[in-house]
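Okay, so here's the structure we're looking at.
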Amino acid sequence: MFGWTHVSNLINTQTHTASPSPSRRAWLRFKRNRLGYWSLLAFACLVGLSLMAELISNDRPLLVRYQDSYYVPLIKDYPETTFGGDFETPTDYLDPFIRDRLAQSGNWAVFAPNPYGYKTLNYFAKQPNPSGPSRDNWLGTDDRGRDLLAQLIYGFRVSVLFALALTFAGVLLGVLTGAIQGFFGGKTDLAFQRFIEIWSSMPELYLLIIFSAVFAPSMALLLILLSLFGWMGLSDYVRAEFLRNRQLDYVRAARALGVSQWQIIVRHVLPNSLTPVVTFLPFRMSGAILALTSLDFLGLGVPPGTPSLGELLSQGKNNIDAWWISLSTFAVLVITLLLLTLMGDALRDALDPRKVDQ
């Protein structure tokens, strides 16, 4: 009886003290880095809020009750005549006349916390544009009369989504080219290296200027052009990992068992070569946001009318007295890049094999 109890306790002890998986240990190390962990949570909250920008900052009511009928202007356009106006044009819900009609007895409207969209012009502002922070425009307006808070919310969303798309494209191309170079080596690696040397010497900025003059500006064109040059840095790291891992015993054993080359790459070598890829993700996103902001500042970025942090910085340069434009935009950029940098540092430490768990 004593023997069975001793064995049972020993099994339970070994079960509870079993070491976690490598991914679990990396996550625990990441959580112990408080700055990185809370930066991840803060950045996720900011991205989540920006994805709901229409519910936070919009010049259309979320829901309207008018003369015992309900309307959803956020989804559908209604003519002004619907709410007692004289014209069949789309309703301007910031018009004092429409506001007065919706405020009558029995009628009501639920507006977003910030009742302005990113392209809404405040025709009823009490100060000339650009106007400073006020009760109506919490962060002021730009030189066109658009609400600055709305511009920042939507501009942040555009920047983050563009950075995610550019990072995904760069990682896909970088991993693919680096894997081919590192695994096959020899003439294949040599040919790719000479191609990268030639391709990296291409004047990227000049090409952007030429293409922006030939083609109509678009997010897709900008994404393609930047993706063509954004993969080379990551490709070098993946190549080095494949050159190291392809000589290990588990790869030789897979070859001896007759496993195909691509199966070895995908199933065996690639999962063990992704550490630099994951580590550099936050830093690549930071670079993508800075690239988009810089191109927008120079007028080579997103199409006109698209909310842009770079355009706001350009407005701040052209309107030195309107300090709120530059200050607010600069604060958004600094906070975003700081969060990504702290996340990258924590992720790098978490995936460092030299780190010993406490």
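Model, not experiment: these values are computed from the prediction.
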Any sub-3.5 Å donor-acceptor pair from [X]'s side-chain atoms to [Y]'s backbone N or O?
X      : Y      : value
Asn58  : Pro115 : no
Arg101 : Pro96  : no
Asn318 : Ser314 : yes
Thr329 : Ser326 : no
Ser286 : Pro282 : yes
Ser57  : Ala53  : no
Thr306 : Pro303 : yes
Ser294 : Leu290 : yes
Trp138 : Arg135 : yes
Gln151 : Leu312 : no

Problem - Distance-only donor-acceptor check, side chains Asp147 and Asn137, under 3.5 Å - result: yes
Practice task
Please state whether the rings of Tyr154 and Tyr118 are parallel, tilted or perpendicular, taking 30° and 60° as the class boundaries.
Solution key: tilted
Practice task
Specify whether Phe156 and Phe43 have parallel, tilted or perpendicular ring planes, treating 30° as the upper limit for parallel and 60° as the lower limit for perpendicular.
Solution key: perpendicular
Exercise for the section: For the pair Thr275 and Leu351, evaluate side chain to side chain contact (heavy atoms under 4.5 Å, CB included) and give the outcome as yes or no after the intermediate values. Expected result: CA-CA 7 Å; Thr275 298; Leu351 296 176; 3.9 Å; yes
Residue list, side-chain contact (heavy atoms from CB on, under 4.5 Å) with [X], at least two apart or on another chain:
X      : value
Gln127 : Ser131
Ala322 : Pro130, Asn319, Trp324, Ile325
Phe229 : Trp199, Met202, Glu204, Leu207, Met232

Handout entry: Cluster companions of Phe87 among Ile, Leu, Val, Met, Phe, Trp, Tyr (side-chain spacing under 4.5 Å)
Key = none
From [X] atom [atom1] to [Y] atom [atom2], the distance as rounded to the nearest 0.5 Å:
X      : Y      : atom1 : atom2 : result
Leu139 : Leu149 : CG    : CG    : 5.0 Å
Phe30  : Asp345 : CZ    : CG    : 10.5 Å
Lys317 : Leu313 : NZ    : CG    : 10.5 Å

Problem - Cluster check Val269, Tyr237: I/L/V/M/F/W/Y, side chain < 4.5 angstrom - result: no
Got a list of side-chain donor-acceptor pairs under 3.5 Å for residues 253-266, not counting sequence neighbours?
unit_1 : atom_1 : unit_2 : atom_2 : d
Ser260 : OG     : Gln263 : N      : 3.4
Ser260 : OG     : Gln263 : OE1    : 3.3

Write down the atom of [X], the atom of [Y], and the distance for their closest heavy-atom approach.
X      : Y      : result
Val278 : Leu347 : O-CD2, 3.0 Å
Val302 : Asp296 : N-OD1, 2.8 Å
Asn245 : Ser273 : ND2-OG, 2.8 Å
Ile56  : Leu49  : CD1-O, 3.3 Å
Phe242 : Ala179 : CZ-CB, 3.5 Å

Handout entry: Phe184 six-ring centre to Arg246 NZ/CZ under 6.0 Å and within 45° of normal
Key = no
Do the side chains of [X] and [Y] get close enough for a salt bridge, i.e. N-O under 4.0 angstrom?
X      : Y      : value
Lys119 : Asp59  : no
Arg146 : Glu311 : yes
Asp189 : Arg239 : yes

Practice task
Apply the ring-ring contact (aromatic ring centres under 6.0 Å, His included) test between Tyr71 and each candidate in Tyr93, Tyr78, Trp108; give the one that qualifies.
Solution key: Tyr78
Practice task
Could you check Thr91, Asp92, Asp77 and say which one makes a side chain to side chain donor-acceptor pair (under 3.5 Å) with Arg60?
Solution key: Asp77
Problem - By salt bridge (Lys or Arg N to Asp or Glu O under 4.0 Å) - contacts of Glu80 (at least two apart) - result: none
Exercise for the section: Can you establish whether the number of heavy atoms outside Phe330 located under 6.0 Å from its atom CZ is more than 12? Expected result: no
Problem - Flag if over 12 foreign heavy atoms under 6.0 Å of CZ, Phe168 - result: no
